[in-house]
Amino acid sequence: MRLLLSAAFVLCWSSGFIGAKLGAGSAPTATLLMWRFLPLTAVLVLVAATVARASWRGLTARTVARQAAIGALSQSGYLFTVYYAIQLGVSSGTTALIDGTQPLVAGALAGPLLHQYVSRRQWLGLCLGVGGVVLVTTADATAAAGVSRWAYLVPFLGMSSLVAATFLEGRSRTRVAPSVSMTVHCTTSAVLFTALAAATGSVLPPASLSFWAAVCWLVTLSTFGGYGLYWLILRRSGITEVNTLMFLMAPVTALWGAAMFGEPFGPQTAAGLAIGLAAVVLVRRGATPTAASCTGNPPVRARGRTGAPTGADSCRGTGA
């Protein structure tokens, strides 16, 4: 089950880069994202008001506001920068590469912020994973022509936004049902992107079939699949493991791009995919008892490198 969830997450999250490319030529970024979230939010709010009303009982305004902030960072900020970068001409593979630097950032901050320390073997796997995604996308990044250099900074902003959301969620001690968090996050994104589209005069969607095909693709695979599985795996396995799977996004995106758009897929990409898989295996085998305890079992005391209790709850980073 764990392997199936991981594989589904990688495929669905990678689909977001492909979906962004599908819709990039048919409408501005704000328009595409606005119409991605408006219908989805309407459905989620209807479900929340009928079959899922029990999940909302007992929630405070502070908890809902915190989830709105998480949604603004992990959905609105992250997605806008990814889509905008691709619209500026940054390839999906290069965008996935920059997004793939997230595990090192999250791994470096997990210890001081969440007391989820990364073992030496896991650090080795993280560094190996970075090498894999760099190997896959270096050729694409160096060969890009006509793209402003500042455009490559845009995906870094999105990566930082997602890392911030991950730690904001990790520091929360209030458990929120996945249906509630999804509804709040999507509603926040719908409001923000509608406001942005209205401010830029790009509310009306195009009538092209490619636009609506991209919207359906993104809602089904990227939002329900990728985004939903991200938080599910985060809660079950912790920050280090879920972000290690990010190493597979660049090679999988490159393979998908080759199949759908005829992008090149050669020995370099294949080697990067193999390295990414090796990194995932290495990080999982190097998981400490602290990380293993954050899979839904009762919390135990985290231990430092010397084995002494730190006094921190080892599952502090997975509560929601």
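Not measured: the values here are computed from a predicted model.
- Using modelled atom types, one finds no donor on one side chain facing an acceptor on the other under 3.5 Å when comparing Ser26 with Ser208.
- Checking side-chain atoms of Thr31 against main-chain N and O of Ser202 turns up a donor-acceptor pair under 3.5 Å.
- With hydrogens and angles left out, the side-chain atoms of Ser15 and Ser222 include a donor and acceptor closer than 3.5 Å.
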Do Ser189 and Ser76 pass the side chain to side chain donor-acceptor pair (under 3.5 Å) test, and can you show the C-alpha distance, the side-chain angles, and the key distance before you say yes or no?
CA-CA 5 Å; Ser189 294; Ser76 308; 3.0 Å; yes
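- If you chain together hydrophobic residues whose side chains sit under 4.5 Å apart, Val64 and Leu46 never meet in one group.
- Cluster membership for Val47 and Trp56, using ILVMFWY side-chain heavy atoms within less than 4.5 angstrom, is not shared.
- A donor and an acceptor atom, one from each side chain of Thr95 and Ser92, are nowhere located under 3.5 Å apart.
- Residues meeting the ring-ring contact (aromatic ring centres under 6.0 Å, His included) test with Phe193, sequence neighbours left out: Phe37.
- Residue Trp212 holds its CH2 atom at 10.0 Å from CG of Leu32, rounded to the nearest 0.5 Å.
- Residues forming a ring-ring contact (aromatic ring centres under 6.0 Å, His included) with Tyr78 (at least two apart in sequence, or on another chain): Trp13.
- Listed for the Thr200 side chain is a donor-acceptor partner under 3.5 Å among the backbone atoms of Ala197.
- In this structure, the side chains of Trp256 and Phe17 stay at 4.5 Å or more apart for every pair of heavy atoms.
- There is a side-chain donor-acceptor pair under 3.5 Å between Gln87 and Thr29.
- Using a distance-only test at 3.5 Å, with no hydrogens or angles considered, no donor-acceptor pair links the side chain of His185 to the main chain of Gln75.
- Between the SG atom of Cys186 and the CZ atom of Arg36 there is a distance of 8.0 Å, given to the nearest 0.5 Å.
- The heavy-atom pair separating Thr187 from Thr183 by the smallest distance is OG1-O, 2.7 Å.
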